[in-house]
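As the structure is a prediction and not an experimental result, all values here were calculated from the model. Every chain is numbered from 1, with letters handed out A, B, ... down the list of sequences.
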Number of protein chains: 2
Amino acid sequence: MSSRKQIAVVSKASGDAIDAVSPVPLHTQIREVLRRRILDGSYAPHSQMPSESQMMEAFGVSRITIRQALGDLQKEGLIFKVMGKGSFVAKPKAFQSLSRLQGFGEAMAPSGYETYSLLLSARQVEASQVVAARFGLRPGEAVFEIQRLRYLNREPISVDVSYFPPAIGERLVQEDLATRDIFVILENDFGHDLTHADLQIEAISADESLARHLGTDEGAPLLRMERMTYAGEQPLDFEFLYYRGDAFQYRLRIERS
Amino acid sequence: MSSRKQIAVVSKASGDAIDAVSPVPLHTQIREVLRRRILDGSYAPHSQMPSESQMMEAFGVSRITIRQALGDLQKEGLIFKVMGKGSFVAKPKAFQSLSRLQGFGEAMAPSGYETYSLLLSARQVEASQVVAARFGLRPGEAVFEIQRLRYLNREPISVDVSYFPPAIGERLVQEDLATRDIFVILENDFGHDLTHADLQIEAISADESLARHLGTDEGAPLLRMERMTYAGEQPLDFEFLYYRGDAFQYRLRIERS
DNA sequence: CGGCACAACCTGTTATGACGAGTTCTATTA
DNA sequence: TAATAGAACTCGTCATAACAGGTTGTGCCG
């Protein structure tokens with residue numbers, strides 16, 4: 001390569017605003033911005049990322065904050081650093097970080113693949129007819145909705161729309177949903193004992209929104225799952241999962257222990 | 001099998017000296033001391049660990065250093081923290097953090113278990129007859145030896161004695177050998193393309209040292225493996241693995257891709 | 001022209017300091 | 001006595017600062 005031209009985008013030109021007064025920590029916001037840039041290709045695999053001091057300036061925070069964000073990404077295996085040179089985007093690899101596929105994927109992936117999630121939204125909403133019925137609520141009562149876009153080996157693989165009782169949802173959003181399995185959080189951190197799940201499956205066509213997220217054509221075949229997970233009698237987690245039809249085989253074991 | 005009366009050790013009474021001038025970072029030293037205390041039971045599962053300020057004083061370092069050590073352990077899932085309360089030792093769980101079993105274990109663990117390694121020693125030594133022969137060296141030439149004790153779900157499962165060309169060994173010790181798979185480091189960080197491995201297996205009796213590490217009786221049956229891993233023609237990693245006979249079934253697939 | 005020393009960058013480590021937020025126990029108050 | 005306010009602890013976040021150790025380019029010198 002020749003001269004020093006810009007390495008990559010640093011400024012917050014796009015919708016990656018950092019909010020200093022937000023309740024979510026700066027390093028978390030920055031980590032997610034960087035994760036998005038990696039997953040959407042702004043930072044290509046093997047390319048060098050901006051230096052820590054460049055990011056300091058670009059985001060307007062101190063170096064310790066940048067380092068926290070980068071350190072998190074490094075521990076996930078999304079980037080690697082070389083002392084004296086800089087930070088680089090890691091090449092997606094199978095046989096690295098297993099364990100991240102949740103439930104469905106857990107049973108599905110015989111070996112390990114790299115998986116991450118992008119948080120699309122997380123908010124309290126009024127329960128729709130279907131959701132209310134599943135939780136034994138009245139339509140319009142509050143439930144917590146979390147939408148995520150899941151990646152398998154750096155490719156978008158599914159859109160997950162999950163509903164939780166408000167109390168659980170509030171706590172979930174404080175966790176690291178990008179890399180941790182919701183099942184594991186529920187079991188480990190919250191102490192819920194997941195017992196079983198009911199599910200149903202069908203095939204649908206991608207609408208505009210799903211197609212955009214999953215990078216398929218509109219109308220492409222998707223696998224749609226509806227799954228309610230229980231801890232004993234208590235309904236905990238109701239999910240709609242939209243999997244890319246061309247990327248998944250269906251093989252599943254529902255029992256969990 | 002002796003009864004342990006101590007509650008929680010904070011001071012560096014035992015052999016857990018922190019060396020300020022050592023080339024290995026303080027937070028790494030501290031992390032490993034804490035890991036040892038967790039794995040050997042000094043800090044029992046679910047028990048509260050000393051507070052960050054207590055550790056600051058006990059180790060004679062700043063809080064940021066303690067936090068780095070604790071943060072690493074937390075990301076591994078060995079401990080968890082509760083704001084306003086403190087740090088606690090996590091309960092060992094299967095179905096959490098897969099992906100850490102290397103090679104042999106990788107193929108062996110159908111689902112996931114929690115695995116860690118304790119670094120027993122890492123140093124340059126003179127190649128023994130056997131090691132030299134495998135690497136195509138003359139006996140007495142320098143090779144790098146790494147000894148580790150591996151845990152599966154908080155129980156010691158195997159002693160690994162690995163030999164590397166000096167250049168590779170020197171780099172390996174700078175990596176996080178406690179949680180990262182050497183195979184993954186070699187492939188991902190170092191760019192070596194592991195192709196195949198030769199191995200042989202036999203059953204032996206535990207000598208005093210092995211029995212002590214593995215927590216078995218002297219004379220207990222062990223599985224002994226000798227494995228040479230190659231990247232193409234180049235021999236990269238020669239290992240002796242001593243597995244507890246009562247804890248392992250042999251089922252293996254050698255191809256890697 | 002080739003080699004070597006140095007400056008200019010990078011990340012790694014660590015300290016100090018400050019404030020915020022959550023928990024728990026205590027002491028004051030109604 | 002019971003409720004409440006607060007003190008005293010905990011971890012979480014973020015800033016500033018300094019130095020070490022590694023890499024890379026530049027420019028001087030032979």
- Task: With sequence neighbours excluded, tell me which residues meet salt bridge (Lys or Arg N to Asp or Glu O under 4.0 Å) with E170(A).
- Result: none
- Could you give all pairs that pass the ring-ring contact (aromatic ring centres under 6.0 Å, His included) test and reach residues 155-180 of chain B, with sequence neighbours left out? none
- Of all residues at least two apart in sequence or in a different chain, which pass the side chain to side chain donor-acceptor pair (under 3.5 Å) check with T229(B)? none
Taking only distance into account, with no hydrogens and no angle test, what donor-acceptor pairs under 3.5 Å do side-chain atoms of residues 67-74 of chain B form with protein atoms, sequence neighbours excluded?
residue: R67(B); atom: NH1; partner: E52(B); partner atom: OE2; Å: 3.0
residue: D72(B); atom: OD1; partner: K75(A); partner atom: NZ; Å: 2.5
residue: D72(B); atom: OD2; partner: R31(B); partner atom: NH1; Å: 3.1

- Do any side-chain nitrogens or oxygens of K81(B) fall under 4.0 Å of OP1 or OP2 in dG12(D)? yes
- Output for pair (E239(B) CD, R148(B) CZ), nearest 0.5 Å, gives 6.0 Å
- Message: Under 4.0 Å, heavy atom to any atom of DNA chain D: which of residues 65-72 of chain B qualify?
- Response: R67(B)
- Identify, with sequence neighbours excluded, every residue that meets side chain to side chain donor-acceptor pair (under 3.5 Å) alongside R138(B). none
- Would you please name every residue forming a salt bridge (Lys or Arg N to Asp or Glu O under 4.0 Å) with E141(B), sequence neighbours left out? none
- With the sugar-phosphate defined as primed atoms, P, OP1 and OP2, and the base as all remaining atoms, what B/S/- string results for nucleotides 3-8 of chain C, 5' to 3', for protein heavy atoms under 4.0 Å? ------
- Note on the structure: With sequence neighbours left out, the residues meeting side chain to side chain donor-acceptor pair (under 3.5 Å) with S51(B) are S53(B), Q54(B)
- Which parts of nucleotides 17-22 of chain D does protein reach within less than 4.0 Å, heavy atoms only, written one letter per nucleotide 5' to 3' as B for base, S for sugar-phosphate only and - for none? -B--BB
- Task: For dC10(C), take OP1 and OP2 only and decide whether either is under 4.0 Å from a side-chain N or O of S51(A).
- Result: yes
- Message: How about CD on Q124(A), more than 12 heavy atoms from neighbouring residues, nucleotides or ligands closer than 6.0 Å, or not?
- Response: yes
- Task: Rounded to 10°, tell me the angle between the two end axes of the helix from dC1(C)-dG30(D) to dA30(C)-dT1(D), each built from five pairs.
- Result: 10°
- Between dC14(D), dT13(C), dA15(C), spot the one nearest the side chain of I64(B), thanks. dA15(C)
- Which residues satisfy the side chain to side chain donor-acceptor pair (under 3.5 Å) test with S158(A), sequence neighbours excluded? D160(A)
